[in-house]
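We use all heavy atoms of the structure for the numbers below, so side chains are in, but hydrogens, waters and symmetry mates are not.
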Amino acid sequence: MPKRTVLITGASGEIGQALIKSLAGDELTTLITVDLKPLPDELMEKSTHFVGDLLNKELLSLLEEKYDFNLIFHLAAVLSTTAEYNPLLAHKVNTCSTIDLLEMATRQSQEQSKPVKFLFPSSIAVYGLPDLETKNQFMAIKEHDWTEPTTMYGCSKLYCEKVGIYYSEYYQQLADQEPIRLDFRALRFPGIISAFTIPSGGTSDFGPEMIHFAAQGKPYDCFVRADVRIPFMVMPDAVRSLLMLANAPKENLQTRIYNVTSFSLSAQDFKDLAQNSFPGAEINFKPDPKRQAIVDTWPADIDDSAARNDWNWKPEYNILDACQDYLLKNISKLYNL
Ligand code: SER
């Protein structure tokens, strides 16, 4: 197998950290990572890490000059709740940095005479159901349905999906000769639950927050109603899906944008789970009507049959395994229970 150079942006974030752990053992991979923050101590040795802002053109030029990337995981983003407080910042971080990286990957595809793979985490936030009645009627949403986002985060993810397709299929479409274009692939993730890190700034955070607070014996006020339901998956499956899509033969892919999910849970299901696992956990529902309204536009579940058909996607963790084999075991270690 030839050696490859992999870039991970947003590397100090939740998915970034998990992806580094999973790629670090691979001797054929040179890992280059970027984030506004340093990596946690235990990951410092695992990559060449740059602390800096992707919007800084000098940083991008330096990376481009120094490395020939074969695969890019562009994870850096402002999440949905934070983005509502600062939409312009979200636009810059979520879309401008994506365009700059797509441009860089396009130049490198041409220099290397082969497509650079560009993996992009999109989200259930690209969907926007108009009301709860519709949400309850259309339980498992397919990729082309209801793509009417109501958040800046959702808008930016949907736009990046579209320009990713543009750079892969149509870039320089009027030129005399077809250029070598990059190979963009995106996953629409549900809420993600990690046993090791707590999310921040997202609107699906109520699920993982509830479990982590319960494990630490801290009371938790849930910011959505008990009946609010969206899909979720645990971090190992999220990372597996990213790597599976990166490795999938191009000829098997019928689209560049795939839903992936594992299970659909209501906030009450999370409460039951947390209280069964950590008896005595104090969890109250104190909905924040505005944050809740965002989650109400997200689908109760998504249909990931395209990923299952095209690249054999299947989550390893159903809800029971996720709890027993992943969350409980690792969270207990994390908090020395
Ligand atoms: N987890 C993200 C958020 O809540 C959605 O993809 O912002």
Side-chain angles (χ1 to χ4, degrees), residues 15 77 80 94 98 118-170 183-193 202-204 207 227-234 237-266 269 293-319 322:
I15 304 178
S80 56
N94 295 5
T98 304
F118 196 108
L119 270 284
F120 183 72
S122 187
S123 159
I124 49 166
V126 301
Y127 297 110
L129 283 308
D131 48 50
L132 281 181
E133 204 189 337
T134 316
K135 173 163 171 162
N136 294 333
Q137 193 185 343
F138 298 94
M139 290 299 274
I141 301 291
K142 278 189 184 290
E143 282 84 350
H144 291 292
D145 296 335
W146 304 105
T147 46
E148 300 290 341
T150 63
T151 60
M152 189 59 175
Y153 176 76
C155 292
S156 64
K157 288 289 180 186
L158 192 57
Y159 171 75
C160 289
E161 289 181 1
K162 301 287 183 202
V163 285
I165 294 171
Y166 169 79
Y167 275 88
S168 300
E169 312 272 347
Y170 305 109
D183 181 358
F184 177 89
R185 303 172 179 197
L187 288 172
R188 286 192 187 150
F189 280 131
I192 297 177
I193 318 165
T203 320
S204 58
D227 66 288
V228 163
R229 174 180 290 278
I230 54 170
F232 283 91
M233 75 200 312
V234 287
D237 273 332
V239 168
R240 248 183 76 245
S241 66
L242 270 172
L243 295 173
M244 281 180 81
L245 181 57
N247 293 333
K250 181 148 180 301
E251 56 277 15
N252 292 2
L253 305 185
Q254 313 232 9
T255 172
R256 293 188 176 275
I257 317 294
Y258 288 95
N259 284 343
V260 279
T261 191
S262 300
F263 37 79
S264 161
L265 291 182
S266 69
D269 294 334
I294 291 178
V295 193
D296 280 342
T297 69
W298 292 352
D301 203 355
I302 47 177
D303 179 330
D304 62 3
S305 51
R308 288 173 186 257
N309 289 335
D310 289 3
W311 41 277
N312 294 325
W313 158 248
K314 191 171 178 286
E316 249 170 27
Y317 293 88
N318 62 27
I319 180 62

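Taking the ring-ring contact (aromatic ring centres under 6.0 Å, His included) definition, one finds that Y317 meets it with Y326, sequence neighbours left out. Not counting sequence neighbours, the partners of D310 by the side chain to side chain contact (heavy atoms under 4.5 Å, CB included) test are Q254, Y258. In terms of the ring-ring contact (aromatic ring centres under 6.0 Å, His included) criterion, residue partners of F138 (sequence neighbours excluded) are, by chain and number, W146. Taking P149 as the reference, C155, L158 meet the side chain to side chain contact (heavy atoms under 4.5 Å, CB included) condition, with sequence neighbours excluded. Taking T297 as the reference, T150 meet the side chain to side chain contact (heavy atoms under 4.5 Å, CB included) condition, with sequence neighbours excluded. Under the side chain to side chain contact (heavy atoms under 4.5 Å, CB included) criterion, E316 pairs with D237, R240, sequence neighbours left out. For T98, the side chain to side chain donor-acceptor pair (under 3.5 Å) test picks out H74, with sequence neighbours left out. Legend: residues meeting salt bridge (charged side-chain N to carboxylate O under 4.0 Å, His left out) with D145, ordered by chain and number and at least two apart, are absent. Annotation: salt bridge (charged side-chain N to carboxylate O under 4.0 Å, His left out) contacts of D296 (sequence neighbours excluded): R225.
In terms of heavy atoms, S204 sits closest to W298 at N-CZ3, 4.0 Å. When all heavy atoms are compared, the tightest approach of A246 to R185 is O-NH1, 3.4 Å. In plain terms, the two heavy atoms of L245 and A186 that are nearest each other are CD2-O, 3.8 Å. Contact between A248 and L253 at its shortest, heavy atoms only, is CB-CD2, 3.9 Å. Counting all heavy atoms, side chain and backbone alike, Y153 lies closest to S156 at O-OG, 2.8 Å. Closest heavy-atom contact between F232 and I192: CD2-N, 4.3 Å.
Side chain of S305 to main chain of R308: no donor-acceptor pair is present (N/O by atom type, distance under 3.5 Å, no hydrogens or angles). The backbone N or O of F184 sits less than 3.5 Å from a side-chain atom of S168, completing a donor-acceptor pair.
Side-chain contact between L242 and F189 is present, with at least one heavy-atom pair separated by less than 4.5 Å. Taking the side chain as every heavy atom from C-beta outward, P299 and L129 approach each other to under 4.5 Å. Two residues are said to be in side-chain contact when any heavy atoms from C-beta on lie closer than 4.5 Å; D269 and F263 fail this criterion. In this structure the side chain of I257 reaches within 4.5 angstrom of the side chain of I165, judged on heavy atoms.
The CG atom of L119 lies 7.0 Å from the CG atom of L187; values are rounded to the nearest 0.5 Å. Remark: I193 CD1 to L265 CG distance equals 6.5 Å, nearest 0.5 Å. We find the CE-CD1 distance between M233 and I319 to be 12.5 Å, quoted to the nearest 0.5 Å. Atom OG of residue S241 and atom CH2 of residue W311 lie 5.5 Å apart, to the nearest 0.5 angstrom. From T261, atom OG1 reaches atom CD1 of I302 across 4.5 Å, with rounding to the nearest 0.5 Å.
Sequence neighbours left out, the pairs with a member in residues 147-161 that pass salt bridge (Lys or Arg N to Asp or Glu O under 4.0 Å) are E161-R188. Among residue pairs with one or both ends in residues 125-142, those qualifying as salt bridge (Lys or Arg N to Asp or Glu O under 4.0 Å) are K142-D303; sequence neighbours excluded. Within the structure, salt bridge (Lys or Arg N to Asp or Glu O under 4.0 Å) pairs that include any residue of residues 244-256 comprise E169-R256, D183-R256 (at least two apart or interchain).
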Check against side-chain hydrogen bond (donor to acceptor under 3.5 Å, both in side chains), S264 and D301 = CA-CA 6 Å; S264 161; D301 203 355; 4.7 Å; no
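Exactly one of T203, I294, V126 qualifies for a side chain to side chain contact (heavy atoms under 4.5 Å, CB included) with T151. That residue is I294.
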